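The structure appears below as structure tokens.
By convention in this document, chain letters (A, B, ...) are assigned in the order of the sequence lines, proteins followed by strands, and residues within each chain are numbered from 1. Just so you know, these numbers come straight off a predicted model, no measurement behind them.
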Amino acid sequence: MGVREGLLALLDGQPRYGYQLKTAFEATTGGVWALNIGQVYTTLDRLARDGHVVEVGPGDEAGRRTYAITENGRRELERWLDASPAGAPPPRDELLLKVLLALGTEGVDARDVIQCQRTGIVEALQAHRRQLRAQTTGNNDGLVNRLVVDALVLRLEADLRWLDLCEERLIAQTGTEPTRRSA
Amino acid sequence: MTPVLELRDVSRHYDDGAAAAVVALSHVSVSVSPGELVAVMGPSGSGKSTLLQLAGGLDHPSDGQVLVDGHDLADLSARALAALRRQRVGYVFQRLNLLASLTAVENVMLPLELDGIASRAARASAEAALAEAGFAGSTKRYPDDLSGGEQQRVAIARAVVGERALLLADEPTGALDTVAGEAILELLSARRDAGAAVVLVTHEPRFAGWADRVVFLRDGKIIDEAQAERGASILANRR
């Protein structure tokens, strides 16, 4: 999902051969989405079969084949850019599973599981922040890096918020409200 | 290196005549060194604010010791404690406590003037701290004429003005939007990098990542700690 359209978008700028597409794709996505070259060629074959790209000119002496986008491919790309991602992903991630299983398992304190996950996520957040601080600012891919890190950080924060909510609901449900004074 | 702040086996309970005392903190030990930013997180009522009040000498532990710069606060006279608080500790609390009769810049100058710093020098430092906190516009306005975000920046400038060794912040980004909140964290991080010890109480997951350590409280006890060195960034694997 997305690789096909990513290659189309890169070819929309200029014709390229497989290896160029691989490196351009990885640079565009801030290096967090690695492609293997086999995947690139398989995808190009399918795109060619569907009439979205065509091979242009004879291959060079190294046997590299250059591809260009077709009108058909351009329309496909536009359709994809405008379409909303199909529905929300099903809530089947591992974090959710761990908490749900902890709730239903005898002898396991769900709040301990929640805390353990919370600590792990916070440590990942700390690592991202350090990485950001270590990065030199002002380089060309600064904005791309920034956007990629923002996306990762916000998703982790969403997980943390959800864990906080789990804990609050658990406290409300079981009535094991901690001893508290008015804040 | 001597920690700037050290809580040794600190408990705080409130005995207000009820049958059972209310326990706000129970056997908490934590120390914060120069150049360290420690975040304290936990559900409401878990003791976060109590911990900060004790650290700042604004409340006394029922048991245990609180040391700032190696001095046990219980051993200090009221006058010495006030001087230590004024000279070494900067506070940003949820209730901002700006003085309504003083302008923005005068509020920030106040702690310096109390220490006998000449008015002209105090004003220059205060203006610089306000600029650092991102305060824009005239600094001669009174708190009532400032937006919530501006008041927050004044409070933060007042906390960091002068060379405070210990900064205590309770939800310091409360009235600010996301980008402005990040600017405050940048400011606290810069003070940390300059050698200050910073304790940040927050419920904002967004800011947990800024801390060198995150201490988690539950029911008045420390139940876990997250340390920056242990985290593995996805970004670390990038080519």
Region of A:Leu156 in contact with chain B, defined by heavy-atom distances below 4.5 Å = neither

Presence of salt bridge, B:Glu204 and A:Arg161, under 4.0 angstrom | yes

Taking all non-hydrogen atoms of both residues into account, name the closest pair between B:Pro43 and A:Glu167 and its distance.
-> CG-OE1, 3.8 Å

Are the side chains of A:Gln126 and B:Val214 in touch, meaning some heavy atoms are under 4.5 Å apart?
-> yes

Which pair of heavy atoms, one from B:Pro205 and one from A:Leu160, lies closest together, and at what distance?
-> CB-CD1, 3.5 Å

Min side-chain heavy-atom separation B:Arg218-A:Asp112 under 4.5 Å = yes

If you round to the nearest 0.5 Å, how far is CG of B:Leu37 from CZ of A:Arg129?
-> 11.5 Å

To the nearest 0.5 Å, atom CG of B:Asp224 lies from atom CZ of A:Arg118 at 9.5 Å

Among all residues two or more places apart in sequence or in another chain, which pass the ring-ring contact (aromatic ring centres under 6.0 Å, His included) test with B:Phe216?
-> none

Sequence neighbours excluded, every pair satisfying salt bridge (Lys or Arg N to Asp or Glu O under 4.0 Å) that has a member inside residues 183-201 of chain B = A:Arg133-B:Asp193, B:Glu132-B:Arg191, B:Arg192-B:Asp212

Spell out the residues in residues 14-21 of chain A that have some non-hydrogen atom less than 4.5 Å away from a non-hydrogen atom of chain B, in order of number; otherwise answer 'none'.
-> none

Atom CD of A:Glu55 with >12 non-hydrogen neighbours under 6.0 angstrom = yes

Hits for side chain to side chain donor-acceptor pair (under 3.5 Å) against B:His203, two or more places apart or cross-chain, chain-then-number order -> B:Glu171

